[in-house]
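All residue numbers refer to positions in the sequence shown, counting from 1. The figures that follow rest on heavy atoms only: side chains count, while hydrogens, waters and symmetry mates do not.
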Amino acid sequence: MFELPYSPDSERYGGRMPYRRCGKSGILLPLISLGLWHNFGGVDPLEDSIKKVHYAFDHGITHFDLANNYGPPYGSAETTFGHIIKTSLKPFRDELLISTKAGHDMWPGPYGEWGSRKYLFASLDQSLKRMNLDYVDIFYSHRFDPLTPLEETLQALTDIVRCGKALYVGISKYPPEAAQFAYDYLRENKTPCLLYQGKYNIFDREPDSDGILDGCAQNGVGFIAFSPLAQGLLTDRYLNGIPADSRVARGGYLKKDSLTPQTLGKITRLNDLAKSRGQSLAQMALSWILNDQRVSSLIVGASSVAQLKNNLEALNAPKFSDDELAAINDIVSSSMP
């Protein structure tokens, strides 16, 4: 792990942000990155988005994670971020690590999703215009396409780097065998995969069980976790019912049937353990992910500056004891309500 040294303008970072090397590369990632999947779209107040991005950067978050269809509506999170770049962050472009992705549905017709060369190039060109950028630092294939030849997708990523539209490439949500093929192909073509982005949290440990985390480590690829709070389940938000303004109530990705008595029982027990550590449940959930040295960074969302501030407190967490880690595993594996 590496910490930026103090400098004459270190006040802009509000102190030290721990950084961790991304695989076998020259890139250092802040342990906590900011994702613009939710809460930064055209339906969200622009002033709130500006405040959150500024707060993040002022506190050492240099990595901002986007995708072409983040919003809603599609593209609007990139438009919001582009406004912030143009009006305030452009002088600091060389201090920012900006990523975007293409792979999911973006526009109608046969060329607006998946992994064809045509879609990836067209999508990135649109993203650059929305974000007022000449290039992105990282461009991802957002999901594995089972019908397009993988060589086509990966060669497109290679050529995107070679023509200067991105500095690095990554993949997201690829199955293990396809991921290994991608690592080999990209390395052989002199554009090694920088990052694998996957869902990873206390409840969802598939990247550990299916070998993705070990595969990243063995291939010198960084791993960055999204959904570290399981869409809000790993917080105290649902301990006393479903708030009217929550993702469950709004009909988002997290559904009401996810809140079973068994799950609520686990959340309650995890919350009690977090309290004993002097943390909120959300803070403990983030600390748990960062305890794994195979993880380069994790991506948090933010509905408010206050939420972002609370999440950043996870960086001040005490180390986990063996007993605490065992207790978390016992709670998660328990069949008791």
Next on the checklist: Distance check, rounded to the nearest 0.5 Å: Ile289 atom CD1 versus Arg205 atom CZ?
Outcome noted: 10.0 Å
Any non-hydrogen side-chain atom of [X] less than 4.5 Å from a side-chain atom of [Y]?
X	Y	result
Lys266	Phe203	yes
Asp208	Arg294	yes
Asn189	Arg162	yes
Leu286	Leu31	no
Thr80	Arg130	no
Met284	Leu273	yes
His38	Gln231	yes
Phe40	Leu34	yes

Checklist entry - Do Tyr119 and Tyr74 share a hydrophobic cluster (ILVMFWY, side-chain heavy atoms under 4.5 Å, transitive)? => result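 Both belong to a single hydrophobic cluster.
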Next on the checklist: Please say yes or no: joined through hydrophobic side-chain contacts below 4.5 Å, possibly via intermediate residues, are Ile27 and Leu157 part of one cluster?
Outcome noted: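 Not linked; separate clusters.
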Any donor-acceptor pair under 3.5 Å linking the side-chain atoms of [Y] with those of [X]?
X	Y	result
Ser141	Tyr174	yes
Thr260	Thr263	yes
Glu78	Asn68	no
Asp65	Ser99	yes
Thr62	Glu95	no
Asn310	Glu313	no
Gln279	Ser287	yes
Asp159	Gln155	yes

Has [X] got its NZ or CZ under 6.0 Å from the middle of the six-membered ring of [Y], at an angle within 45 degrees of the ring axis?
X	Y	value
Lys165	Tyr135	no
Arg277	Phe320	yes
Lys309	Tyr55	no

Looking at [X] and [Y], would you say the former's side chain and the latter's main chain have a donor-acceptor pair under 3.5 Å?
X	Y	value
Glu324	Ser321	yes
Gln283	Ser280	yes
Arg20	Leu290	yes
Thr148	Asp145	no
Asn69	Met106	no
Asn201	Leu229	no
Asp125	Ala122	no
Ser297	Pro30	yes
Ser333	Asn329	yes
Ser88	Ile84	yes

Checklist entry - Run the side chain to side chain contact (heavy atoms under 4.5 Å, CB included) check on Asn39 and Lys52 step by step: do they pass? => result CA-CA 10 Å; Asn39 304 309; Lys52 288 179 286 190; 3.5 Å; yes
Write down the atom of [X], the atom of [Y], and the distance for their closest heavy-atom approach.
X	Y	answer
Phe223	Gly198	CZ-O, 3.7 Å
Ala179	Tyr196	CB-CE1, 4.1 Å
Gly60	Tyr19	O-OH, 2.9 Å
Leu186	Cys193	CD1-CB, 3.8 Å
Ala285	Ile202	CA-CD1, 3.8 Å
Ile32	Asn311	CD1-O, 3.6 Å

Next on the checklist: Over 60° means perpendicular and under 30° means parallel, so tell me whether His142 and Tyr70 are parallel, tilted or perpendicular.
Outcome noted: perpendicular
Checklist entry - Taking the six-membered ring for Trp, are Phe226 and Trp37 parallel (under 30°), tilted (30 to 60°) or perpendicular (over 60°)? => result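 Taking Trp37 first and then Phe226, their aromatic rings stand perpendicular (interplane angle over 60°).
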So with a 6.0 Å cut-off around [atom1] of [X], is the heavy-atom count from everything else above 12?
X	atom1	result
Glu151	CD	yes
Asn316	CG	yes
Glu152	CD	yes
Asp330	CG	yes

Got a salt bridge between [X] and [Y], using NZ or NE/NH1/NH2 to carboxylate O under 4.0 Å?
X	Y	answer
Asp137	Arg93	yes
Glu113	Arg143	yes
Asp184	Arg187	yes

Checklist entry - Do Trp114 and Phe144 have ring centroids that are under 6.0 Å from one another? => result no
Next on the checklist: For a side chain to side chain contact (heavy atoms under 4.5 Å, CB included) check, start with the C-alpha distance between Val295 and Ile224, then their side-chain angles and the critical distance, and finish with the verdict.
Outcome noted: CA-CA 6 Å; Val295 174; Ile224 187 166; over 6 Å; no
